[in-house]
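Everything on this sheet refers to the single structure shown next.
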2 protein chains.
Amino acid sequence: MKKLMLSPPTLFRLTVCYQVTMRAGEAGFENISSAYLADFLKVDETLIRKDMSLVGIKGKPKVGYPTKQIISILEEIIGISQHTDGILIGCGSLGSALLRYSGFAKYGLRIAAAFDIDHTKVGQRIGDYLVLPIEKGKSIIETFKVQVAIFAVPAGTAQELADWVVKRGIKAIWNFAPVQLKVPKGIIVRNENLAVGLAQLIHQVHTLAAKPKSKPKLETRKK
Amino acid sequence: MKKLMLSPPTLFRLTVCYQVTMRAGEAGFENISSAYLADFLKVDETLIRKDMSLVGIKGKPKVGYPTKQIISILEEIIGISQHTDGILIGCGSLGSALLRYSGFAKYGLRIAAAFDIDHTKVGQRIGDYLVLPIEKGKSIIETFKVQVAIFAVPAGTAQELADWVVKRGIKAIWNFAPVQLKVPKGIIVRNENLAVGLAQLIHQVHTLAAKPKSKPKLETRKK
DNA sequence: TTTTGTGAAAATCTTCACAGCG
DNA sequence: CGCTGTGAAGATTTTCACAAAA
């Protein structure tokens with residue numbers, strides 16, 4: 001088993017490549033070129049080749065990279081081929097939407113249980129899950145050796161909850177609350193902060209509107 | 001009015017700083033230090049100071065940066081102080097959750113209307129919105145001069161829909177469908193791709209589990 | 001002749017070191 | 001001191017240029 005250290009940009013591109021390749025594979029493509037992948041990511045083709053060579057995906061000149069190889073190697077690299085257990089906390093509208101999202105299973109994430117503090121929500125059925133009271137969290141985390149907690153809670157409760165789950169042995173938090181969480185070293189947090197994403201989008205819209213004339217980097221032509 | 005070109009990393013940090021500062025402001029803080037902000041982002045303090053100086057936020061030694069100034073300048077820079085009109089397309093569980101999300105207004109984004117193709121959903125009320133048939137989209141985009149379209153549609157329909165809205169004059173797409181969209185030059189797309197986010201999280205969990213011994217960059221001590 | 005593979009150069013981003021000010 | 005401000009150095013990431021293979 002290889003132990004590669006991939007830089008964050010490379011890891012990001014590879015995960016996108018995986019997704020794009022999956023779709024292309026379903027559409028019947030047997031090979032994919034670096035140019036095709038690069039176009040989705042708006043990066044130079046060379047960069048894709050570097051990424052591929054880094055993880056040991058071998059292409060053939062004039063043909064491209066075999067779809068199957070991209071998929072199998074990236075599944076191994078990303079860690080999709082192993083199962084990961086998670087819980088979801090917060091069954092409001094966003095939490096419910098996430099529970100109904102079938103994509104988790106594709107990435108090896110199995111939701112062991114869904115929780116809420118609100119006792120009026122407890123006992124409800126959402127998608128395939130029964131909402132449990134948060135008090136049951138501790139034993140479930142321990143029983144299932146749950147590594148990942150998904151937070152779909154209000155901003156005000158997220159940090160407190162983070163401290164709580166970390167104390168109970170959670171290794172990673174996928175945070176959808178619009179706050180930047182702080183956790184001890186060694187704990188992984190991925191802040192899927194919609195507010196920050198929105199702010200960046202708004203900024204781009206306004207700067208585009210302000211100066212529609214400019215092509216700062218348009219020398220990416222054939223020659 | 002200044003016209004600054006901010007690099008993507010800087011813009012990202014500033015949007016996070018804005019959010020963190022808003023919360024700190026509500027909690028009563030009048031000044032914030034670069035160290036405090038840096039801790040949330042896990043970056044060096046110096047970098048925050050560079051970002052601040054870049055956009056003209058002036059701090060005072062021994063005191064920090066005035067909360068109010070951070071907020072007002074960043075609102076201007078990000079573009080929150082102006083209104084932006086948007087529409088949301090796709091009123092499934094994720095779309096519904098987004099419609100109920102009150103945070104859009106905080107960033108100046110006003111949802112003009114919500115759409116769906118599914119005629120059984122049309123006419124339903126979700127949050128403050130009435131779901132309209134997608135056919136009405138064209139006239140609404142033109143009437144309201146809508147610049148932003150939020151996609152909460154299945155993977156299979158997203159690209160086709162993107163072509164459609166672009167043709168009708170949309171300038172930016174905030175895409176929640178798990179596909180990487182391709183659009184003409186000049187159109188802004190922000191792929192809020194949960195599947196990619198999940199893949200990256202899974203990868204981190206597995207690499208952490210594999211080698212819990214390592215501190216590649218721990219020289220960030222005081223001295 | 002198209003597309004991969006890769007070392008060297010360029011660009012970008014981050015940290016260091018230290019000056020300055022309250 | 002404690003914290004901001006900034007030029008220079010360092011690290012990382014991307015692009016260029018071109019060799020090689022089918």
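All chains are named by letter (A, B, ...) in the order of the sequence lines, taking the proteins before the strands, and each is independently numbered beginning at 1. Below, all heavy atoms of this structure are taken into account, side chains as well, without hydrogens, waters or symmetry copies.
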Under 3.5 Å, N/O pairs linking protein and nucleotides 18-21 of chain D:
none

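- Taking the salt bridge (charged side-chain N to carboxylate O under 4.0 Å, His left out) definition, one finds that B:E30 meets it with nothing, sequence neighbours left out.
- Checking C:dT15, C:dG5, D:dG5 against every side-chain atom of B:D44, the shortest atom distance belongs to C:dT15.
- Between the P atom of D:dT14 and the CD1 atom of A:I48 lies a distance of 10 Å, rounded to the nearest Å.
- Residues of residues 8-42 of chain A having a heavy atom closer than 4.0 Å to DNA chain C, listed by number: A:S33, A:S34.
- Both A:S7 and B:I57 sit near DNA chain D, but only B:I57 has its closest nucleotide nearer the 5' end.
- One atom, CG of B:L47, and another, P of D:dT12, lie 15 Å apart when rounded to the nearest Å.
- The separation between A:L54 atom CG and C:dT4 atom C1' is 15 Å, rounded to whole Å.
- Side-chain contact check for B:Y18 versus B:Y107: some heavy-atom pair is nearer than 4.5 Å.
- As judged by a 4.0 angstrom heavy-atom cut-off over every strand, A:K50 is placed among the base-contacting residues.
- Using a 4.0 Å heavy-atom criterion, one finds that B:T46 contacts the bases of the nucleic acid, with or without backbone contacts as well.
- A:V20 places a side-chain heavy atom less than 4.5 Å from the side chain of A:Y36.
- With a 6.0 Å radius and a threshold of 12 heavy atoms from other residues, nucleotides or ligands, A:F29 has its CZ atom at or below the threshold.
- Spacing between atom NZ of A:K58 and atom P of C:dG5 amounts to 7 Å, rounded to whole angstrom units.
- The distance between atom OH of A:Y65 and atom C1' of C:dT3, rounded to the nearest whole Å, is 9 Å.
- Among residue pairs with one or both ends in residues 172-201 of chain A, those qualifying as ring-ring contact (aromatic ring centres under 6.0 Å, His included) are A:F104-A:W174, A:W174-A:F176; sequence neighbours excluded.
- A distance-only check finds a donor-acceptor pair linking the side chain of A:N193 to the backbone of A:A195 [under 3.5 Å].
- Enclosure of atom CD1 in B:I187 by more than 12 non-hydrogen atoms of other residues, nucleotides or ligands within 6.0 angstrom is indicated.
- For the side-chain contact (heavy atoms from CB on, under 4.5 Å) test, residues two or more places apart in sequence or in another chain that qualify with A:D39 are A:K42, B:K182.
- Atoms CE (B:M52) and P (D:dT6) sit 14 Å apart, rounded to a whole Å.
- With sequence neighbours excluded, the residues satisfying salt bridge (charged side-chain N to carboxylate O under 4.0 Å, His left out) with B:R110 are B:D85.
- Atom CD of A:E45 is separated from atom P of D:dC16 by 11 Å (rounded to the nearest Å).
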